[in-house]
Colleague: 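What follows is a structure written as structure tokens; I'll ask about it next.
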Amino acid sequence: MASILEVEHLRKSFGGIVAVDDVSFEVNEGEILGIIGPNGSGKSTLFNCVLGQYIPSSGVVRVDGRVTTGMRPSRLNRLGVSRTFQLLQVFPQLTVRDNLILAGQEHRGTMLTRLFARPDLGLGPQADRMIDLFRLSRVAGEKAGSLSYGQQKLLDAAMAFMAGPRLVLLDEPAGGVNLTMLGELRERLREINAREKATFVVIEHNMEFVMSLCTRILVLAEGRLIAEGSPAAIRADAKVIEAYLGN
Amino acid sequence: MALGLFALLLFWIVRSSWGRAFMALRENPVRAMSLGVDTRRYTLMAFAIGSSMAGFAGAVYAPLVQYIEPSSFNLGLSLNILLMTIVGGLGYFLGPLLGGLVAILGPEWLRAAQGYYLILYAILVMVMMAFCPQGLMGLYERLAKRLGAGAETRAADAATRERA
Ligand SMILES: Nc1ncnc2c1ncn2[C@@H]1O[C@H](COP(=O)(O)OP(=O)(O)OP(=O)(O)O)[C@@H](O)[C@H]1O
Ligand SMILES: [Mg+2]
């Protein structure tokens, strides 16, 4: 199977703290890869390095075989890589619909053609599909800031799918989402994964959620990759149990 | 005439997908960037649009006063224009227009205060910054919302009374 993302010997330090320490892995096209690890183990930092938010101290990142280390986030996004942040990040003053259209608009035409095109750039139907899919139709015209936390979290995830990305990195999508929604979110992710052939990398503390959603799991501890394998193998791994219970 | 033309042009830009991108950049540049919004190009365009309008304003201004010298464009004027946008409401389409009206009509209304006018204006601006950083347009929006909410409660009240 072809790999869509390759990370080689990635390292990121902040002053004396080595947040990500010599991490290497590949993500295969079409898989749902989980990343777990204790708080502060470097999961979010790893995402930020892959996505150009941080410049890695050393190491190489490749998307589709092309080196993207240090590439600007906006450019990476237009190459088909999208993400959510750990902390909720929607645009509170824009409506739910405008949040979604914004998430897709930079993929349409050029800046000049966008200036003269219809304001929604023909993205209305796609936005409505996302609104339906994530059960947001009741609030579609409301400002995103007025939604409940869980709804904003769903909108945040929906925005990552607007442009039909090939690779999506989700940082704790289940945080703050209630149990019923959680099941729904998992189904939505599976659907999009199967139907649109999108590849996912998911950071998540909710074990039940990761184990049931992901086909393969990486475990980070203190910036290092300590284990990799199927959910069942990870559950039984002594090093993983130690990392979670031993400190 | 010129104002109308520019208002129209600006309205077009604000309504287009550019307006959405500008708003997103103002609210959360990091998230905007992660969604493909090219911060540098949009910021550049915002400056370009602003400067070309200022340039055009200058070109209209010269024939209007029929006399022009560098001292008409001192720091005071720049500050005054900045204040107009702040008082009116940053990020509102009608904000600068409203701010401009206040800045120009204010001295007329407060003529009685004579030399104290500037002090009054300064106090007004400071009070605004402290209690309503969104400017007059923001104030208007808040009031409208409160009145709207009031109307809703009244309607709800009436509904309950009817049922009882
Ligand atoms: N911008 C930064 N400046 C300084 N230190 C940072 C920065 N970002 C992360 N760190 C440090 O890097 C380490 C890893 O943080 P990171 O956010 O990647 O952890 P995480 O695995 O995502 O944790 P959590 O599960 O709590 O989200 C922490 O020790 C943190 O303090
Ligand atoms: Mg994190």
Side-chain angles (χ1 to χ4, degrees), chain A residues 47-48 51-53 71-85 87-95 97-123 143-146 156 159-163 165 168-169 171, chain B residues 5-6 8-50 52-53 89-95 132-135 137-142 144-146 148-149 152:
Chain A
F47 266 21
N48 286 330
L51 288 151
Q53 243 81 36
M71 189 182 273
R72 271 182 298 144
S74 52
R75 219 169 129 223
L76 258 170
N77 178 257
R78 278 178 268 126
L79 288 180
V81 186
S82 77
R83 76 170 301 181
T84 63
F85 289 84
L87 295 177
L88 180 68
Q89 307 238 11
V90 297
F91 301 100
Q93 293 292 324
L94 296 181
T95 64
R97 211 154 178 280
D98 270 328
N99 265 276
L100 288 167
I101 291 174
L102 175 87
Q105 71 176 34
E106 301 302 315
H107 294 252
R108 291 281 166 109
T110 65
M111 256 182 103
L112 194 67
T113 59
R114 282 199 295 276
L115 181 58
F116 296 105
R118 278 171 38 200
D120 77 352
L121 300 171
L123 284 163
K143 284 189 176 173
S146 71
D156 201 1
M159 283 159 71
F161 302 122
M162 253 317 270
V168 187
L169 285 75
D171 198 342
Chain B
L5 210 67
F6 267 108
L8 212 68
L9 199 72
L10 262 186
F11 184 73
W12 173 269
I13 295 173
V14 168
R15 205 193 53 121
S16 78
S17 65
W18 283 29
R20 200 180 292 116
F22 286 143
M23 271 173 76
L25 276 178
R26 193 187 59 198
E27 281 196 41
N28 188 342
V30 172
R31 180 56 165 151
M33 234 190 304
S34 84
L35 294 169
V37 178
D38 192 327
T39 328
R40 290 194 297 198
R41 287 174 80 181
Y42 276 105
T43 313
L44 197 71
M45 286 324 289
F47 270 109
I49 294 166
S52 65
M53 300 238 160
L90 281 175
Y92 289 96
F93 185 68
L94 291 176
C132 190
Q134 277 83 43
M137 286 301 291
L139 198 65
Y140 167 77
E141 210 172 65
R142 268 203 264 169
K145 200 173 279 174
R146 187 157 314 164
E152 257 165 51

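What you are looking at is a predicted structure, and each value in this text was computed from that prediction instead of being measured. Chain A is the first sequence line, chain B the second, and so forth, proteins listed ahead of strands; every chain is numbered from 1. Keep in mind that the numbers below use all heavy atoms, side chains included, and drop hydrogens, waters and symmetry copies.
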Colleague: Where does A:Arg72 contact chain B at under 4.5 Å (heavy atoms): side chain, backbone, both or neither?
Modeller: side chain
Colleague: Within the 4.5 Å heavy-atom criterion, are B:Met23 and A:Phe91 side-chain neighbours or not?
Modeller: no
Colleague: If we ignore angles and hydrogens, is there a donor and acceptor under 3.5 Å between the side chains of A:Glu106 and A:Asn77?
Modeller: no
Colleague: Relative to chain A, which of B:Ser16, B:Ala32, B:Ala24 shows the most heavy atom pairs under 4.5 Å?
Modeller: B:Ala24
Colleague: Compute whether any side-chain donor of one residue and acceptor of the other, for B:Ser34 and B:Arg31, lie under 3.5 angstrom apart.
Modeller: yes
Colleague: Please look at A:Asn99 and chain B and tell me whether the side chain, the backbone, both or neither of the residue comes under 4.5 angstrom of a heavy atom of that chain.
Modeller: neither
Colleague: Is a donor from one side chain sitting under 3.5 angstrom from an acceptor on the other, for A:Gln53 and A:Arg83?
Modeller: yes
Colleague: Can you tell which of A:Met159, A:Gln93, A:Arg75 has the highest number of heavy-atom pairs within less than 4.5 Å of chain B?
Modeller: A:Gln93
Colleague: Heavy atoms only: give me the nearest A:Ala103-B:Leu35 pair and the separation to one decimal.
Modeller: CB-CD2, 3.9 Å
Colleague: For chain B, which of A:Pro165, A:Pro92, A:Ser82, A:Ala160 has the most heavy-atom pairs under 4.5 Å?
Modeller: A:Pro92
Colleague: May I ask you to establish whether B:Arg15 and B:Trp12 are in a cation-pi arrangement, using a distance under 6.0 Å from NZ or CZ to the six-membered ring centre and at most 45° from the ring axis?
Modeller: yes
Colleague: For the interface with chain B, which of A:Leu115, A:Leu51, A:Leu79 has the highest count of heavy-atom pairs at distances below 4.5 Å?
Modeller: A:Leu115
Colleague: Please look at A:Gln105 and chain B and tell me whether the side chain, the backbone, both or neither of the residue comes under 4.5 angstrom of a heavy atom of that chain.
Modeller: side chain
Colleague: In terms of heavy-atom pairs under 4.5 Å with chain A, which of B:Asn28, B:Thr39, B:Val30 leads?
Modeller: B:Asn28
